[in-house]
Amino acid sequence: MKKVVWGVLSTAKIGLEKVIPGMQKSAFCDVRGIASRSLEPAQRAADKLGLAKAYGSYEEMLADPEIEAVYNPLPNHLHIPLTLQAARAGKHVLCEKPVSITAQEAAELRTVADKVLVSEAFMVRYHPQWLRVRELLRAGRIGSVRQVQVFFSYFNDDPANIRNMADIGGGALYDIGCYAIVAGRFMFEADPKRVIALVDRDPNFHTDRSCSALADFGGGRHLDFTVSTQSVPYQRVQVVGTTGRIEIQIPFNAPLGGRTKIFIDAGRALDGSAIETETLPEADQYTLQGDAFSRAVRGEITLPYGVDDAITNMRVIDALFRSERSERWEAV
């Protein structure tokens, strides 16, 4: 198929170091240009990555008729405004997570959903390890799935980092809690009915530096997770069923272009000696994400995750913040 021509909004680190290099390996993506609020940083990024075009404003890139799709890694509070601006310019948009600050804000995307493709950039859902786990769950490998357990943390106390700025969508729940929610929804292939949260806020940043939560999916199924921006770096996903357990070793920051492992445990030995290890082939989840979105733009596949999916994830986040204030269960 003819490659989709992409432009990138901003010189955000995740774009420069992970997403753009991943998409440049794709047979379906032509990352043509990058925009910043001034030309100099855009030109530096373009030169570093070998991009043909640098734009001195977002508007300049969105006005370029050659650009068909846009990747939006701007700070969280700018996700919806610039995604809407790009969509109204006729560009398809892959927007970094979380797609918005509230579900009400995310719902504005419905105004453009019939004109262009819009999707939230949860690259993990395209990785072979996640797809393999879901395949095993569907096949009944661990019996009936009862629990999904997630821990995801890193340490960042830099006051200049956007993740520590409460007024523009910083904090653990927005930044990495959204991944835990996606993990539960992906593994259960359902959405939670109610949630409850325990939140600890940084006294200076006022962001949620840790959040522990329980999400009720009904039928005895639940997701429990802890996410933290001020703890030792660690991540795991556990899926527990009636006859077995599956663990994803590096669920979120899988090595780019590297192999990954999942562990399948039938519970025959508590010391782990009976665990089976599956090694998944080399993959770059950002390449795979770009592949899928570009193929959907060309009509080769149906985009698996669109606007409604992104709104649902934000509804869960909204309910968790309500629970922080009410100190009780909140409906999603």
Side-chain angles (χ1 to χ4, degrees), residues 12-15 17-19 73 75-76 79 96-99 101 120-125 127 129-130 133 147-188 192 195-215 222-240 245-256 258 260-263 265 272 285-286 313-314 316-321 323-324:
K13 182 178 179 180
I14 187 173
E17 296 185 0
K18 295 182 177 181
V19 181
N76 295 343
H79 284 174
E96 263 307 330
K97 53 77 205 165
V99 79
I101 302 297
E120 197 169 13
F122 282 110
M123 70 293 176
V124 294
R125 297 188 289 199
H127 197 287
Q129 63 179 350
W130 281 57
V133 171
Q147 293 89 26
V148 176
Q149 185 179 64
V150 179
F151 199 102
F152 191 6
S153 59
Y154 59 82
F155 194 94
N156 181 343
D157 62 355
D158 177 7
N161 190 285
I162 60 172
R163 292 166 182 82
N164 293 321
M165 298 179 183
D167 58 336
I168 62 172
L173 190 52
Y174 282 134
D175 192 47
I176 50 181
C178 59
Y179 281 110
I181 296 163
V182 159
R185 295 178 60 216
F186 186 91
M187 302 306 174
F188 286 129
V195 296
I196 192 166
L198 179 64
V199 173
D200 173 47
R201 291 192 174 269
D202 185 283
N204 299 312
F205 303 146
H206 307 296
T207 54
D208 53 310
R209 61 183 173 188
S210 70
C211 175
S212 295
L214 188 63
H222 69 257
L223 160 71
D224 67 90
F225 69 83
T226 294
V227 292
S228 174
T229 60
Q230 293 183 27
S231 295
V232 64
Y234 181 71
Q235 53 186 265
R236 283 294 189 277
V237 168
Q238 307 266 0
V239 186
V240 180
R245 173 185 67 88
I246 300 175
E247 178 179 344
I248 306 179
Q249 184 183 47
I250 311 176
F252 307 112
N253 297 115
L256 304 181
T260 52
K261 293 179 180 180
I262 61 173
F263 307 114
D265 184 5
Q285 56 194 352
Y286 297 102
N313 226 54
M314 289 309 308
V316 180
I317 291 174
D318 282 357
L320 287 165
F321 280 129
S323 177
E324 176 194 3

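What you see below is based on every heavy atom in this structure, not just the backbone, and it leaves out hydrogens, waters and symmetry mates.
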- Query: Will you find, in the side chains of N313 and E120, an N or O donor that is under 3.5 Å from an N or O acceptor?
  - Reply: no
- Task: Begin from the C-alpha positions of K18 and M123 and carry the test side-chain contact (heavy atoms from CB on, under 4.5 Å) through to its verdict.
- Result: CA-CA 11 Å; K18 295 182 177 181; M123 70 293 176; over 6 Å; no
- Item | Among F225, F122, F152, F151, ring pair (Phe, Tyr, Trp, His ring centres under 6.0 Å) partner for F252 | F152
- Side chain K97, main chain D175, donor-acceptor under 3.5 Å: yes
- Please answer whether the main-chain N or O of R209 pairs with a side-chain N or O of T207 as donor and acceptor at a distance below 3.5 Å. no
- For residues N164 and D202, determine if any side-chain heavy atom of one lies less than 4.5 Å from a side-chain heavy atom of the other. no
- Message: If I compare all heavy atoms of P73 with all of H79, which pair ends up nearest, and what's the gap?
- Response: C-NE2, 4.4 Å
- Taking all non-hydrogen atoms of both residues, which atom of H206 and which atom of P203 are closest, and how far apart? CE1-O, 3.3 Å
- Is E96 reaching over with its side chain to a backbone N or O of G15, donor-acceptor style, under 3.5 angstrom? no
- In this structure, CD of E247 is separated from CD of Q238 (nearest 0.5 Å) by 4.0 Å
- List for me each residue that meets side-chain hydrogen bond (donor to acceptor under 3.5 Å, both in side chains) alongside T229, sequence neighbours excluded, and say none if there are none. none
- I14 side chain reached by Y286 side chain, heavy atoms, under 4.5 Å: yes
- Could you tell me which non-hydrogen atom of S231 sits nearest to which non-hydrogen atom of S153, and how far apart they are? CB-CB, 3.9 Å
- Query: Any side-chain heavy atom of I248 within less than 4.5 Å of one from M187?
  - Reply: yes
- Beyond-backbone contact of L320 with I181, side-chain heavy atoms, under 4.5 angstrom: yes
- side-chain contact (heavy atoms from CB on, under 4.5 Å) between F321 and D208: does it pass, once the steps are laid out? CA-CA 10 Å; F321 280 129; D208 53 310; 4.3 Å; yes
- Task: Might you point out which heavy atoms bring A215 and V195 nearest each other, and give the distance in Å?
- Result: CB-CG1, 3.8 Å
- Would you say the side chain of Y179 lies within less than 4.5 Å of the side chain of V150, judging by non-hydrogen atoms? no
- Roughly how far apart are N76 CG and R163 CZ, rounded to 0.5 Å? 8.5 Å
- Task: Of all the heavy-atom pairs spanning R201 and V199, show the shortest one and how long it is.
- Result: CG-CG1, 4.0 Å
- Query: If you look at every heavy atom in A180 and V227, which pair is closest and at what distance?
  - Reply: CB-CG1, 4.5 Å
- Message: How long is the straight-line distance from OG of S210 back to CG of L198, given to the nearest 0.5 Å?
- Response: 7.0 Å
- Could you state the interatomic distance from CD (Q147) to CG (L214), rounded to the nearest 0.5 Å? 10.0 Å
- Roughly how far apart are N156 CG and S228 OG, rounded to 0.5 Å? 10.5 Å
- Spell out, as yes or no, whether a donor-acceptor pair under 3.5 Å connects the side chain of Y174 to the backbone of I101. yes
- Query: Does the side chain of M314 reach to within under 4.5 Å of the side chain of C178, using non-hydrogen atoms?
  - Reply: no
- Task: Evaluate the side-chain proximity of V124 to Q285: yes if any heavy-atom separation is below 4.5 Å, no if none is.
- Result: yes
- Query: So do V182 and R125 actually touch side chain to side chain, heavy atoms under 4.5 Å?
  - Reply: yes
- Query: Between the main-chain N or O of T226 and the side-chain N or O of S212, is there a donor-acceptor pair closer than 3.5 Å?
  - Reply: no
- Message: With no hydrogens and no angle check, just 3.5 Å: does a side-chain donor-acceptor pair link N253 and Y154?
- Response: no
